[in-house]
Structure formats: C-alpha cells, structure tokens
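This report concerns only the one structure given below.
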Amino acid sequence: MSTLFDLPHGGSSWPQESSEPRAGREHDPDQLLADLNPQQREAVVHGGSPLLVVAGAGSGKTKVLTHRIAYLLAARGAHPGEIMAITFTNKAAVEMKERVTDLVGPRARSMWVSTFHSMCVRVLRREAETVRELLAGTSSDPRLNSNFSIYDADDAKRMVTLVARDLELDSKRYPVRTLAAEVSNLKNELLTPADAAERAGNDLERKVADVYASYQRRLADSNALDFDDLIMRTVQLLRAYPEVAEHYRRRFRHVMVDEYQDTNHAQYALVRELVGTRDSGGVEPAELCVVGDADQSIYAFRGATIRNIEEFERDYPQARTILLEQNYRSTQTILSAANAVIRGNTGRRDKRLWSEAGEGEPVVGYVADNEHDEAAFVAGEIDRLVDDGEATFNDIAVFYRTNNQSRVFEEVFIRRGLPYRVIGGVRFYERREVRDVLAYLRVLDNPEDTVNLRRILNVPKRGIGDRAQAVVSVYAEQERISFAAALRRAAGEGLPGLNTRAQRAISGFVALLDELREAVAQSDVADVIETLLERTGYRGELEASDDPQDAGRVENLTELITVAREFSEMRAPSEETSAGESEDVDAAVLPDGSLSAFLERVSLVADADSLPDSEEGMITLMTLHTAKGLEFPVVFSTGWEDGVFPHMRALGEPAELAEERRLAYVGITRARRRLYLSRALMRSAWGQPMTNPASRFLGEVPEDLLRWRRSEAERSAPQVRSSGSRGGGGFDRGSGGAGNGRSSAQSFKDSVAIKLAVGDRVNHDKYGLGTVLTTEGEGARATATIDFGASGTVRLMLIGSVPLTKL
DNA sequence: GACATCGATGTTTTT
DNA sequence: CATCGATGTC
C-alpha cells in the first residue's frame, strides 16, 4: 500500500540507497553493449534520426531504453539534464529511473523521467501565467493559477452532470457517461469547443459541443484542469508560445517515449512539439526514440491510436525502425500460440517472436461445464503444481476479461484455502469515503473547486439539500460568480429564495471550512484529516452506523491518514534540486509536504502501482488489461468464450474485435513456462444462465500446441434440458407468485419464440432498425443481441411480446 | 429535506 | 446478482 509514496517526488529528486553505479560501467560504452543482442545494440547506438523500436512482448524494451540513455551519456556526450523519458504509468517511470540510476548513478537525478501527465503538470504549473493568457482568449474570466486542481474521471463526470442539468438535457437521451466520453474524445483530438460546434453534424454532436463549452468554462472557474486538459493545454501552450516551446527544446535534446502504441492524438502532438522540426526555428529538433508494440495496443477505447506507431515512418520521414523479436520470457510453444492468434489481425506489421528457451510444455486446454467447474479446475491444478514443487503461489496468475469474473475464483480459493489477491476492481482512491475526505482537502486547498465543494456540501448530512443547492447554483450563474462565492454570500447575507434553516446550515458549513483552513495553515496533512474527520462528524457518523461496511470505511480512512503521514515524513531531501541550471525548469512549483503537493501526488499517482512486488505467497487474480507489462511462470487465462472474450460488445465491430485479439495476445505472452486456456459451456450472466460457444481465438491456437485436458467431446452428457434449478425455466412458471422475477409478467402464452439469425435486420418499436449480432439460447429462453445503431446495442428476450419484427 | 422503494442497467481503465 | 439513479412518500 505504502509503495504509493516510494515514488520520486516531483520527479527531479531521486536519491536512493542502492543506486551506486556498478563500477566503471557508466563510462565504458563497450561494457554497456556487451549483454545486448544485435538488434538491441543497434537501437541503443542509433543516432541522428528518429528511431522506432518495435518491441515484441518480452523482448527487453526497458533494457534498450535504459541502456540507450546510459549510452547517450557515455558515448555521445549527452548531459543528463538533456534527457526526457515519458511513460504512461508511474510504475514504469519509477522502474526506468531506478534502472537508469543503476547504470549511470546519481546523475540520473536531473533527467525528466515521468508520465505524460506529471510532465505536463510540471510544465503547466510553471507556465501558469502564460496559460492564463492563453485561456483568456477562449473562456470567460479564467481563474487558473499555478495551484490548479486536477480533476480525474470521476470529478469530470460530476462536472458534466452539473453542466447537463444546467442545459436541461434529458439524461435518457444524453447520458452523462456518453457526454463525458465525447468531451474527452474531443480533447484527445485537440478540438476546441468552437471546433466541435463547427463540425457538429447531428443533434448529439451539437449538444456535446454545448456541454463541452460550458464544461470548460466551469473548469476554468474552478481553477481546475482535467486529465485530458493536462495534455491538451500543454500542446496549445507550446503551439501558441514559440518561445516557451523553444525553452523546453533547448533543454531536452533527447526525448524517449515508452508504450508508444498507447498514445492518443494529443500525446502524439505533444511529442511533436517537444521534439520540434527543422523549421520550428531556433533549435535543431531533439532526438526522438519511441518504443512500442502495435500488437499490444489494448486501450483504443480510451483514445489510444494505433496509427501513431503504424505511421511513425510517415510522421518522421528520416525514421529508422528496428524490430526486436527475440523473446527472453516464454517457451517457444507459448510464443507460437501467441503468434498464431495475433496473425488473425489484418494490416499489421508482421513480427514473429522467437525464443531460445526451448519448446517447453504444451498449452493446456480445458472445457468446463460452467464457471464453477472452471474455477475448480484451476484451483485443483494450482494445488497439484504447488504440491509437485512445480511452482509457488507467487508464480501463478489467473486472468479474466471482466472484473466480475473474479468472484467464482475467490469463492473456490477460499474454500480450498488457497492464498490469493485480486488486483484491480474498486480501488482505494475510488472508495466513497476516501474521495469524500479528499474532496474536503481539495476544497481547503482550492476554494473555487466547485465539483468537490458540492460533493461535500451536504456530507455528512447537514440540511443543505438539493433545493438549497439549486438556489445557490442559480444565483451563481445569474451573477456570473463562482459557486463558492455564491455560497459565501449565502452564508453572510443570505440569498433570495433561501429559507433561514438552509441559510443557517450554510453559514455553519462555511465557518467550518474556515476553521479547517486554519488547521491547514498550521499542521501537516495527516493532522488536517484527523481534524476534519472530527469536526465534520464524518467519522462519528461511520462509527455510529450499524452498516457492517462502515467499519471497513473507517479502516480505509485510517489508511489514508497513514499515507498522508508517510507523505509528510518523507518530505524529499530537497537539498540540491538540480544546482546550476540557469533557467531552472526543475524547481518544484509546489512546496514540499504541502497540502497541494499531497493532492497532486494523490491525483496523478492513484494507486495503480501497488502491483506485483510480490506480497509473498499469493496467487494473483486480475483482468487481462491489468496484466499488461507483467509476467508469470504459470498463467491461467479463463473464460475463452465468444461473448465473454471476445466481449459481446466487440462481436459486431471488426476494430474492436481486433483489439480483443490483441488482448488475447497480451494474455498469452504473459506466461513464461506454462499456459492454461479454459472456457465454460455455461456461465450465468446477470442471474440468467447462458451457453456460450468457444472463443474464436481458441480455434486460432494450433492444435499441435495444445493438449486438451478435457475437451467438449469428453464432457459428461450434454444436459440441454431446462435444468430444474432456479432461474432455469423461469418463463414456464409464468408470473406465479415470485413478483421479483425479472419479466415474470410475461405469461406463458406469450413465450412463442421469434426465430432470428445473426445478420438479420429487424425493426423494434422503441429502438428502431437494427442488426442481429448474436443469438443465444433456444425456444422460450432465446435471446439476441441487436445493434440498433445510434440507439445502442441491446440484448432482448425473443418472446412473442417483444415489439420486434424481422425484416 | 430525508428516506424508501422501484426499475433500469450492466467491458476493459495506465493518468 | 448488485449497484445506482430516478422517482415517490413522510
């Protein structure tokens, strides 16, 4: 848990004990190249033009990156301060910094090794004055200053909710989720609200443009930037102010980007701006080196564009491309399976992983009757492997497509006494109580933060309800002042339409905030949290509650305090933060140990990094997505069924299907020695049992690499009968009694199935025209998943009463 | 303004 | 099945 704060503070200070360079290594380029294969060596040595390293899974890309940095210093006369390396996760940044430090020693300290987002925050805080100027042209009355808040996805969504409500958008037609996602997409494409309005071609797009404009204005009023803004604003800044861009270009002569396949358009543009071009005047372009693997791009749904890596040579005409195909992780059997699956994607740069590790064991396949059987098989196999001394619990990971699939495994593992931990799911910083407390802290730190102010306004309950909030909000809008300002006025002289009861409550709240701000001024973060938990009655409420969950909430808050305490204590030994730099871009903008610094850390780091560093003796359970970048000697990849993996939503969409296939590739290539692929014939989804066909990806694994421990043919007599168990045959029972049975209102006579096949065109009274994507079940239990285009994709029961006609 | 109940709705998620 | 949001009632 506390790994959280073992991160480089602000990025520039990174001492650390064990980081002495291994004798002489950093001065000897030959030594540096000695343990690299020819392609790796080429990538390390290459200079003079942009470089793309296509690094297959397990091909040693971090090694290439770190050695390249060391080589730049040792052989090419680069100064450490000239180096910038950008990653996506803090974990990757920390690891890189550590490994570079191992190679070159404390000199690594003056390099910028950080995530896209922290890098941008650093630039934006430093250039806040200029950013405000930039914003002045676009939004009304921007109040952005260098202490801006960072809004994460949840904050952003809340802000969109407020905006949508103001614009009186029908939340059915324009779900917040969609609006927020669309706004995010626009930002990733570097489109301004004006651009969005201009190109809006339909109703939704017009509404999105409205929301976007209003949203940006409110963010500025709240002195806040969201995650997407961090990138977009930095790009806009560098483009609008050439002298600022040039400043950074002079400083950073070597730019390296990890996981380049995951960059979105804005990040792509950012890299371009940082590097510069021949005609961007003043400075020669910096040397760019990007590393990635298009086959491992699994975040398109978040805006990543595989195009960036595919078109690198076009974007940078002189570019050199080097393929790393030798894999140091897996057996050849595993790699062959991975190669075979990924080959199903068209239009890719062919790449064949190979290994010197030998054939190894065949991939084991298993067809389970249902998800419980699947879990039992996995558990039994783990037992056996551990008993035989083939593996320890630590060596083993279980992957699944969606988080809800973890439950069965947990149940079985608990029953069998197998130690495990689940990665992902609801994260620490997403828990309600943690976010509530952070909301208080953020408001204390940035009084204009509307979203967080409104979040805590009535938490715990203090009699400031929707009604009062609406009054304040409307007033703020009318007077063109911030919500916070309106609230202060309400506390003082009251507001028209506000009853005295509410007014008193608001006064009390504002006074409470003032009191807490006192605490901020004189104590450290942990104490502030203690104080606020007491003074707001938040802790009291939890302790008094008889909801068993609330005990856990109290624990989480204690944990948060611990985290805060560690933060204040490690207050980085900030002695020489890059001495001697004349223009000190390394200077920390936020005071060490301050509340602001704490909040920034918490926003940018979240807890993604509590990963493997093996809590000893535990089986690891996680989704395929979180598995990326990791490796395990033994991997169980489960749920290989069409509709589960590939996910139902991807079935109709070739691009999404391709992404699912990459996910399969990622999953397979995590395994070092042993790989298990399993599926279940029957799996209950949302209470209803579903039979799923084998994943199409499973068929793509060559039979000669697979050994079926249990195949479909072998399984005990196929029981197609409508199993007497609960849920099954629910329709036959009609509406008998159990009023909570879903659609139990359907009476028996209606249960005449409509026959549909994949690809059929249909018309639905509510959703309109659609295309059948998949069908499941038979007779009265038949369902179909239908794509209704703009109305969405819906799964329907094919019973007589659905207002559906086949065309 | 606070609470209860009903029903619609369900991926993945580095920051 | 579980959670969340939108309703309706005291």
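Order of the sequence lines fixes the chain letters, A, B, ..., with proteins taken first and strands second; residue numbering starts at 1 for each chain. Keep in mind that the numbers below use all heavy atoms, side chains included, and drop hydrogens, waters and symmetry copies. Note that the coordinates shown come from a computational prediction; the quantities given were computed from them, not determined experimentally.
Each of dT14(B), dT11(B), dA2(C) was ranked by its minimum atom distance to the side chain of Arg407(A); first place goes to dA2(C). Here dT12(B) is the nucleotide among dA6(C), dT12(B), dG1(B) with the atom lying nearest to any side-chain atom of His625(A). Minimum atom distance to the side chain of Phe301(A) is reached by dT13(B), of the listed dC1(C), dT13(B), dG1(B). When the nucleotides dG10(B), dT13(B), dG1(B) are ranked by their closest atom to the side chain of Trp686(A), dG10(B) comes out on top. For Lys461(A), taking side-chain heavy atoms from C-beta onward, the closest of the listed nucleotides dT11(B), dT14(B), dA2(B) is dA2(B).
One donor-acceptor pair, N or O on each side, does fall under 3.5 Å between the base of dT12(B) and the side chain of Arg401(A). One cannot find a donor-acceptor pair under 3.5 Å joining the base of dT14(B) and the side-chain atoms of Arg302(A).
No salt bridge links Lys157(A) with Asp154(A); every basic N to acidic carboxylate O contact stays at or beyond 4.0 Å. By the 4.0 Å N-to-carboxylate-O rule, Asp295(A) lies too far from Arg662(A) to be salt-bridged with it. Between Arg435(A) and Asp155(A) a salt bridge is recorded (basic side-chain N to carboxylate O distance below 4.0 Å).
Atoms CZ (Arg177(A)) and P (dA8(B)) sit 18 Å apart, rounded to a whole Å.
Checking Arg679(A) against Ser695(A) by side-chain atom types alone, no donor-acceptor pair falls below 3.5 Å. A donor and an acceptor atom, one from each side chain of Thr305(A) and Asn264(A), are nowhere located under 3.5 Å apart.
Contacts of Tyr299(A) with the nucleic acid, taken as non-hydrogen atoms under 4.0 Å apart, include base atoms.
Base pairing of dA4(B) is made with dT7(C), judged by Watson-Crick or G-U wobble geometry with both donor-acceptor distances under 3.5 Å.
Along DNA chain B, the nucleotide nearest Asn499(A) and the nucleotide nearest Ser118(A) are compared for position; the residue whose nucleotide lies closer to the 5' end is Asn499(A).
For the pair Asn458(A) and dA2(B), the criterion of a side-chain N or O lying under 4.0 Å from OP1 or OP2 is met. OP1 and OP2 of dT11(B) both lie 4.0 Å or more from every side-chain N or O belonging to Thr623(A). One finds a side-chain N or O of Asn90(A) lying less than 4.0 angstrom from the OP1 or OP2 phosphate oxygen of dT15(B).
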